[in-house]
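Let me begin by presenting the structure, written as C-alpha cells, before commenting on it.
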Amino acid sequence: MSEAGKTFTPGAGGKGKNKDVASPEQPSQKKKLSKAEKRKLRMEKQKEQKPDANQPDAPSVKQPEKKSDVPQKSKAELKAERRAKQEAERAAKLAQKGETSSTNQGSTGGQTKPRSEIIKKERPRVSDDIKVDDPSVLKRRAKKLEKQQVPQRIDSEKKVNLFNHLDQFERSISLTKELSFSSGGIHPAIVMLGLQYAEGYICGANSRCIAMLHAFKRVIEDYTTPHHKELSRDLDNRMKPNISFLNQCRPKSVSMGNAIKYVKMQISNIPQDKSDTEAKSLLCESIDSYIKKKIYLADDAISNILIGNKKIKDKDVIMIYGCSSLIVRILCDAHEKEEIKFRVIVVDSRPKQEGKEAAKRLIRCGVKCSYVLINSVFYMMPEVTKVLLGAHALLANGYIMSRVGSSLIAMVAKSQNVPVLVCCETYKFSERAQTDSFVTNELGDPDDLVHSNSSVDYLRNWRSIKNLTVLNLVYDVFPPELVSMVVTELGMIPCTSVPVVLRVRNVEG
C-alpha cells in the first residue's frame, strides 16, 4: 500500500495507527436517527429559515389585513368615482371620434369639433312680440310683414322706459292707409275686424275670440284652391297674413292664441280624400263646435256650478269689477231663474269705464245695484260677502291675469277676509308662467287717460312736454294666494290645478 493511501490517527498514547481510506466504490454506512432526533433536526431547520425580527436587515412580511380594518367608502364616493370614470371614457371616445372625422375631412379642409365644445343655441325665453327695443327683432319683423303684405305699426316715441319692450297702440296711427287689396292678401272681413279691435268697439276676451273665429269662417268660405297646390298647406299660408294684421291692430289675447292653434290644427288635419267643398264645410263646422263647446256651453256650466253649489245666497252683497260677460250672465241667471235676492256693488275705473255697461245690464234684469269708483273699494268692502271677478287668462303657475285694477280689489278683499271667486273658461288657460305685470302686458292708447269729461283738457298737448310720459296698462297679474277658488266648466278648482287641466287638454288633443 502506498503512502498516499494511508492516514495517521493519533491514539491515546501518542501512537497512531494506519487506517485505510474508504474508496468511492464502497458505500458509506449512515447512522439511523430516532424520532426525537428527527423532530429536533426539523425544528432547527425551520428556525434557520424564519427571519429574526430583531435583525434590522430582515425583510418584513406584510400580514393580511382583516376585513374590519379596511375603510369602507360611502355611496356618494363610489358614485363620484363611477361618474368620473364614465366622463373619462366619454371624453376619450369623443376625442377619438373627432380625430377620425378630422382625418376623413383633411382633404377638404373641414374640421369637426368634439361634442363637448359645441355650444347649443339657447331657446328664447320670450317671444319677439315683447322685444320691440331690440333692433334685430324689429328688422326681422319688418321683413316678415313686408313679405306678407301687412302694414306695420309705427312705434311711438313717448313711452315709459320700463315698458320700452312692448308695443304701444294708438288710434292716431292708421294701419289701412297704405293697405293694398291684392290677390292673396288680407281678407276684407279681417280688415273690418282689426279696425274694430283698434277702436275698442269689440272688447272682452270672449267677444274678441268669437268675432275672430267668425271672420276666419268668412276667409275659409271665400277661399279657392289652386289646382297645383295642396289645400291644407295653401290655406295655412293664406291665414298667416290675416293673423299678422289682427296682431298689428291689437295684440291677441291668450284665448285668441288658443283658438288660432285649434284652427291651424284643424287645417293641418284635413283628410286628403275630401274635396275642397267638403274640407271647407268640415272646417267651418269645427269652428262652430269650438265656439259652442268652449264658450257658450262652458258659460252655462259655470253658471250652473256656481248657483248649484249655493255660492250665491239670499241677502248676499256681491262686488264685481268692470264688465265681464260671464259674471253678468251668472248674476242674471241667479236672479231670474233661482229668484235669489242679493245686491251687487259694481266697481268701475278709468279710462274705459266698462262698469257702466255692467250696471245697465244688471238693472235691466232687475238686480239691485250700487255703482262706485275704484277709489271707494276700501270703504265698501266691509259690507261685501264675496267678490266675483272675471279673468283674461289663468297662467301655468297659478297667477291670474285680468283687467287692470283687479289686483287692488283682490288685495283689499284678502285684507278684509272676503272670499274672492274667479270665473274663467278653461280655453283661457295658458302654458305661460308669469309673476309680474311688466314683462308681458299690453299698452293701451295713452290719449284715453288724457281726455276727460271736463270742458278743458289740461294735458291735450302732453306729447310736447319733454319730461312727461303717459302709461295706460291694460292688464294686472296677481298671485293665487289672493283667490279662494276658480270656477270653471270642469268644476271648482284651486289655481294650482291649471297645469293638470293643460296636460289633460293636450292629451285629448
On a heavy-atom basis, which atom in P251 and which in R208 lie closest, and how many Å separate them? O-NH2, 2.8 Å
Counting only heavy atoms not in K386, do more than 12 sit closer than 6.0 Å to its NZ atom? yes
Heavy-atom nearest pair, M212 first then L246, reads CG-CD1, 3.9 Å
Could you check whether K143 pairs with E146 (Lys NZ or Arg NE/NH1/NH2 to Asp/Glu carboxylate O, under 4.0 Å)? no
Do E278 and S275 make a side-chain contact, defined as non-hydrogen atoms from C-beta onward lying under 4.5 Å apart? yes
Which heavy atom in P241 sits nearest to a heavy atom in Q148, and how many Å separate them? CB-O, 3.6 Å
Note: K414-E481 ion pair, threshold 4.0 Å (strictly below): no
Sorted by chain and number, sequence neighbours left out, side-chain hydrogen bond (donor to acceptor under 3.5 Å, both in side chains) with D299 holds for none
Could you measure the distance from the CG atom of D445 to the CZ atom of F169? Nearest 0.5 Å is fine. 11.0 Å
Output yes when a side-chain donor or acceptor of D236 lies under 3.5 Å from a complementary backbone atom of S232, and no otherwise. no
Are the side chains of L373 and S349 in touch, meaning some heavy atoms are under 4.5 Å apart? no
Could you tell me which non-hydrogen atom of P446 sits nearest to which non-hydrogen atom of N472, and how far apart they are? CA-CB, 4.3 Å
Give a yes or no on this: more than 12 heavy atoms of other residues, nucleotides or ligands lie within 6.0 Å of atom NZ of K158. yes
Are the side chains of L283 and I270 in contact, using a 4.5 Å heavy-atom criterion? yes
Between F478 and V483, is there a side-chain heavy-atom distance shorter than 4.5 Å? yes
Counting only heavy atoms not in R233, do more than 12 fall under 6.0 Å of its CZ? no
Could you give the distance from NE2 (H392) to OG (S324), rounded to the nearest 0.5 Å? 12.5 Å
Would you check if V498 and L395 make a side-chain contact, meaning some heavy-atom pair closer than 4.5 Å? no
When you look at V328 and L362, which way does the side chain to side chain contact (heavy atoms under 4.5 Å, CB included) test go after all the steps? CA-CA 7 Å; V328 172; L362 291 173; 4.2 Å; yes
Derivation of the side chain to side chain donor-acceptor pair (under 3.5 Å) call for Y262 and S286: CA-CA 9 Å; Y262 174 80; S286 63; 4.5 Å; no
Closer than 3.5 angstrom, by distance alone: can the side chain of D448 be matched with the main-chain N or O of G444 as a donor-acceptor pair? no
Is the count of non-hydrogen atoms from other residues, nucleotides or ligands lying under 6.0 Å from R432 atom CZ greater than 12? yes
Given 3.5 Å as the limit, does a donor-acceptor pair link the side chain of K315 with the main chain of F342, or not? no
Partner set under side-chain hydrogen bond (donor to acceptor under 3.5 Å, both in side chains) for D134, not counting sequence neighbours: S136
So, does D348 use its side chain to make a donor-acceptor pair with the main chain of G355 at under 3.5 Å? yes
Between the main-chain N or O of H187 and the side-chain N or O of N242, is there a donor-acceptor pair closer than 3.5 Å? yes
Hey, does M319 have a side-chain heavy atom less than 4.5 Å from the side chain of M380? yes
Do NZ/NE/NH1/NH2 and the carboxylate oxygens of K217 and D288 come within less than 4.0 Å? yes
For side chain to side chain contact (heavy atoms under 4.5 Å, CB included), just list the numbers for I307 and D333, CA-CA rounded to whole Å, side-chain angles, deciding distance to a tenth of an Å, and then say yes or no. CA-CA 8 Å; I307 297 173; D333 289 345; 3.9 Å; yes
Quick one: CG on N258 to NZ on K294, what's the gap to the nearest 0.5 Å? 9.5 Å
Which residue is it: R250, R403, K252? I am looking for the one with a salt bridge (charged side-chain N to carboxylate O under 4.0 Å, His left out) to E442. R250
The reported gap from CG in L421 to CD1 in I312 (rounded to nearest 0.5 angstrom) is 8.5 Å
Indicate whether any N or O donor in one side chain lies under 3.5 Å from an N or O acceptor in the other, for S406 and Y475. no
Just jot down the side chain to side chain contact (heavy atoms under 4.5 Å, CB included) partners of D436, sequence neighbours excluded, or say none. F438, V439
Basic-acidic side-chain contact under 4.0 Å: K292, E285: no
Surrounding NZ of K159 (heavy atoms of other residues, nucleotides or ligands, distance under 6.0 Å), is the total greater than 12? yes
List for me each residue that meets side-chain hydrogen bond (donor to acceptor under 3.5 Å, both in side chains) alongside Y427, sequence neighbours excluded, and say none if there are none. N206
To the closest 0.5 Å, what do you measure between CG (L282) and CD1 (I220)? 10.0 Å
Main-chain N/O of V317 paired with T385 side-chain donor or acceptor, under 3.5 Å: yes
Locate the shortest heavy-atom distance separating A413 from V387; write the atom from each residue and the value. CB-CG2, 4.0 Å
Got a donor-acceptor contact below 3.5 angstrom from the N441 side chain to the S437 backbone? yes
Using a 3.5 Å distance criterion without hydrogens, assess whether the side chain of S244 forms a donor-acceptor pair with backbone atoms of K240. yes
Step by step, work out the salt bridge (Lys or Arg N to Asp or Glu O under 4.0 Å) result for E431 and R503. CA-CA 10 Å; E431 297 178 355; R503 193 181 304 116; over 6 Å; no
Is the side chain of S253 donor-acceptor paired with the backbone N or O of M256 at a distance under 3.5 Å, no angle test? yes
What distance separates I295 CD1 from L213 CG, expressed to the nearest 0.5 Å? 6.5 Å
Taken in chain and number order and not counting sequence neighbours, the residues that satisfy side chain to side chain contact (heavy atoms under 4.5 Å, CB included) with L490 are T426, T488, V501
Which pair of non-hydrogen atoms, one from L443 and one from D167, has the smallest distance, and what is that distance? CB-O, 3.6 Å
Taking side-chain hydrogen bond (donor to acceptor under 3.5 Å, both in side chains) as the definition, give me every residue that meets it alongside E383, ordered by chain and number, with sequence neighbours left out. R343
Between S402 and D476, does any side-chain donor sit less than 3.5 Å from a side-chain acceptor? no
Quick check: does any side chain N or O of Q434 sit under 3.5 Å from a backbone N or O of T440, one acting as donor and the other as acceptor? yes
Checking V344 against L331 for the side chain to side chain contact (heavy atoms under 4.5 Å, CB included) test, could you report, in this order, the C-alpha distance in whole Å, the side-chain angles of both residues, the deciding distance, and whether it holds? CA-CA 9 Å; V344 178; L331 295 176; 3.9 Å; yes
Please assess M239 against I267 for the test side chain to side chain contact (heavy atoms under 4.5 Å, CB included), listing each intermediate value before the final yes or no. CA-CA 10 Å; M239 296 294 292; I267 291 174; 4.0 Å; yes
Are the side chains of V347 and I409 in contact, using a 4.5 Å heavy-atom criterion? yes
Could you walk me through whether Y223 and D276 pass the side chain to side chain donor-acceptor pair (under 3.5 Å) test, one step at a time? CA-CA 9 Å; Y223 168 76; D276 294 353; over 6 Å; no
